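One structure below.
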Amino acid sequence: MTLLEIKNLHASVDGKEILRGIDLTVNAGEVHAIMGPNGSGKSTLAQVLAGHPAFEVTEGSVTYLGKNLMDLAPEERARDGLFIAFQYPVAIRGITNAYFLRSAVNAIRKQRGDEELDMLDFIEILEEKLKVIGWDDSLMNRPVNDGFSGGEKKRNEILQMAILEPKLAILDETDSGLDIDALKIVADAVNKLRRPDNATVVVTHYQRILAYIVPDRVHVLANGKIVKSGGKDLALELERRGYDWLKAEAA
Amino acid sequence: MTSLETQVNEPYKYGWVTDIDTDTLPAGLNEDTVRSISLKKQEPDFMLQWRLRAYRHWLKMTEPSWSNVRYPPIDYQAISYYAAPKPKKQLDSLDEVDPEVLKTFEKLGIPLSEQKRLSGVAVDAIFDSVSVATTFKDTLAEYGVIFCPFSEAVREHPELVEKYLGSVVPYNDNFFAALNSAVFSDGSFCYIPKGVRCPLELSTYFRMNAEGSGQFERTLIVAEESAYVSYLEGCSAPMRDENQLHAAVVELITMDNAQIKYSTVQNWYPGDKDGKGGVFNFVTKRGKCLGVNSKISWTQVETGSAITWKYPSCILQGDGSVGEFYSVAVTNNHQQADTGTKMIHIGNNTKSTIVSKGISAGFGQNTYRGQVKIMKGAKNARNYSQCDSMLLGDKCGAHTFPYIDVRNSTAVMEHEATTSKVGEEQIFYCQQRGLSAEEAVSLIVNGFCKEVFRELPMEFAVEAQKLLGVTLEGSVG
């Protein structure tokens, strides 16, 4: 089943074109990696899919679960199971992760017409989900990302992903700033959350994380376009050769 | 959503007018006005003399202009200083209160009748210039607690009133306190005797109704040795095009080991979205920790009024006494607030805590102004101050003026201040998790105010959260 179909997507910020015709199809059960040098538009792609107001889609189409994604408000996309693990998650003072996530879960449930969860019900579900990824609840009662270390913030994004059970998760540079042990823990959780009916897109600069989250497809983004796609071996080739040879091909 | 531009505010929910016969003094202020008020209240002579001294002093004073708020000149001769629902006869029981007045309070969520009244909270309901009902008076009397309208206290407990009135805020303290001292009409009086922990929350609800009138109430709370009381005030007013003046005075006194917890949820009419109308809330609130190890806490949630100008303060006279100030002030549309506190440390080992949260939206201007003063004789005084400002949108302002005056080198002072903007990134982050922009702002603001909300009594914390939701509704575009 096709979850996401992007056709000739162009997007700009402040009149400057960043994405210049992206084509990408993601099916349920797949893991895709989007790689590319700095400034190639990797994060922009994630932000555009999430509906960030700073970006303007100027051309092309995005179909998500059979709907025109661009017709949906950011929160509607989220409630339909689109999740972004942000590169730079923001802090919300005074609101615990538990409270925040319950609000998020309830917003999703409300959309589906399900009854909202009270704190006790929520904690029950929460504990089950934590068990799946083998994490404890030490982050749950701290204010959302407030005073978190870089690594904790990244872990917190994955924790939210575990609880919200997205259909399509886009991990935007989740590996940056993680040491090797933390990277293994995060990758392990992501792998445990894989199911035949969901998909993951890993946006990254480095091949490192792909040793742990093995992609079905690897795409190289350069200058706002996908310039090469291949299997998992492409990531290794990039690690060896760098990006320059592809940039040259794209130009 | 492309920006945080402020949109039209949610209409003020408490803005209706009650249509009743009112006994109103003609507009204007002179010695006769003062005498008529005193006469209407059947006051003893000491009270009249005190009022007259205040009035004569007020004539010599000029309106202060140091605050960071702007408003057109107030014509003190255009205000009526007394307005009261016409009683059918002497108000001895609720049956004799005008049913329209009772309905008004019921609509405000303050039912006064025996069957419906709030459990656990004794309420003094003040309508314009008079108290119309006080619930649970008898229950409280069994504990020796006096909770009654101020005018009744003047008649029934003149010795207590004479002893404490003006002992914290003297009639010549400031321009608005002097005006209040001359013309105050009603308010609440609470007296908690030695060793008594007041079994109920005490609460006063102020409702301004009459057109062209001001409200000048006075509250006096005395907690004797080892007594404890938690007191809450709430307020609202009809929507009117002209500005209405509310100049109140509150005095608190604690003896040895006594504690007063004073909470305010202020929701006076803030004016319309263009800044027309609204209440001028110019209030003097001060507590004196007279006894050793006594404690006074002020908690305020200020969402209403066109202009809020007040500094609930503590004079920490008794050794080991503690003063606290927790505040949330919201200004939306064209509202202005200049609020904060003063902590005056006189005794040894005195401690004060200040937590102030200012939220500005629309064209709102929010100023924190606070003074911490450690007197020469105050050994080992401690203060902790935290002032946080939050901005929604780019046309509002936040200002902070902390004054620190330390005259004893053993003092320990801490001050923290932050300013944050509810950014589009924060809202977007919440949206990406499924929350709407409105829910996101409410969540972010509630998180910001949490340290203050948790100081409020439970029922009112919920109320305050809701109120904040309403006040800020529409501030996301």
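This structure is a prediction, so every number in the text was calculated from the model and none was measured. The sequence lines fix the lettering, A, B, ..., with proteins before strands; numbering per chain opens at 1.
- Only the side chain of A:Gln160 comes within less than 4.5 Å of a heavy atom of chain B; its backbone N, CA, C and O stay farther away.
- Between atom CD of residue A:Glu75 and atom CD1 of residue B:Ile427 there is a gap of 11.0 Å, rounded to the nearest 0.5 Å.
- With a 4.5 Å cut-off on non-hydrogen atoms, A:Leu164 touches chain B through its side chain but not through its backbone.
- Interface remark: A:Pro89 contributes backbone and side-chain atoms alike to the contact with chain B (heavy atom separation under 4.5 Å).
- Taking CZ of B:Phe428 as the start and CZ of A:Phe86 as the end, the distance is 4.5 Å to the nearest 0.5 Å.
- Side-chain contact between A:Ile163 and B:Arg433 is absent, with no heavy atoms from C-beta onward closer than 4.5 Å.
- The environment of NZ in A:Lys192 is crowded: more than 12 heavy-atom neighbours from other residues, nucleotides or ligands sit within 6.0 Å.
- Atom CG in B:Asn446 sits 6.5 Å away from atom OH in A:Tyr99 (nearest 0.5 Å).
- Contact check for A:Arg93 versus B:Asp388: side-chain heavy atoms found under the 4.5 Å cut-off.
- The shortest side-chain heavy-atom distance between A:Tyr88 and B:Tyr429 does not fall under the 4.5 Å cut-off.
- No more than 12 heavy atoms of other residues, nucleotides or ligands shown are found within 6.0 angstrom of NZ on B:Lys342.
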**OP:** Please step through side-chain contact (heavy atoms from CB on, under 4.5 Å) for the pair B:Phe448 and A:Ile92, ending with a clear verdict.
**Re:** CA-CA 8 Å; B:Phe448 177 74; A:Ile92 303 170; over 6 Å; no
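- For NZ of B:Lys261, the number of neighbouring non-hydrogen atoms (other residues, nucleotides, ligands) closer than 6.0 Å is greater than 12.
- In terms of heavy-atom pairs under 4.5 Å with chain A, the best-connected choice from B:Glu439, B:Glu451, B:Glu425 is B:Glu425.
- Environment of CG in A:Asp14: sparse, with no more than 12 heavy atoms of neighbouring residues, nucleotides or ligands closer than 6.0 Å.
- Heavy-atom minimum distance, A:Ala107 versus B:Leu435: CB-CD2, 4.1 Å.
- Side-chain contact, B:Gln432 with A:His52: no donor N or O sits under 3.5 Å from an acceptor N or O.
- Between the OG atom in B:Ser436 and the CD atom in A:Glu76 there is a gap of 10.5 Å [rounded to 0.5 Å].
- The part of A:Ala91 that comes within reach of chain B is its backbone (N, CA, C, O), which places non-hydrogen atoms under 4.5 angstrom from that chain.
- Considering all non-hydrogen atoms of both residues, B:Gln431 and A:Ala78 come closest at O-CB, 3.5 Å.
- For A:Arg142, the CZ atom counts as densely surrounded, since its 6.0 Å shell holds more than 12 non-hydrogen atoms of other residues, nucleotides or ligands.
- Interface residue A:Val144: only side-chain heavy atoms are found under 4.5 Å from chain B.
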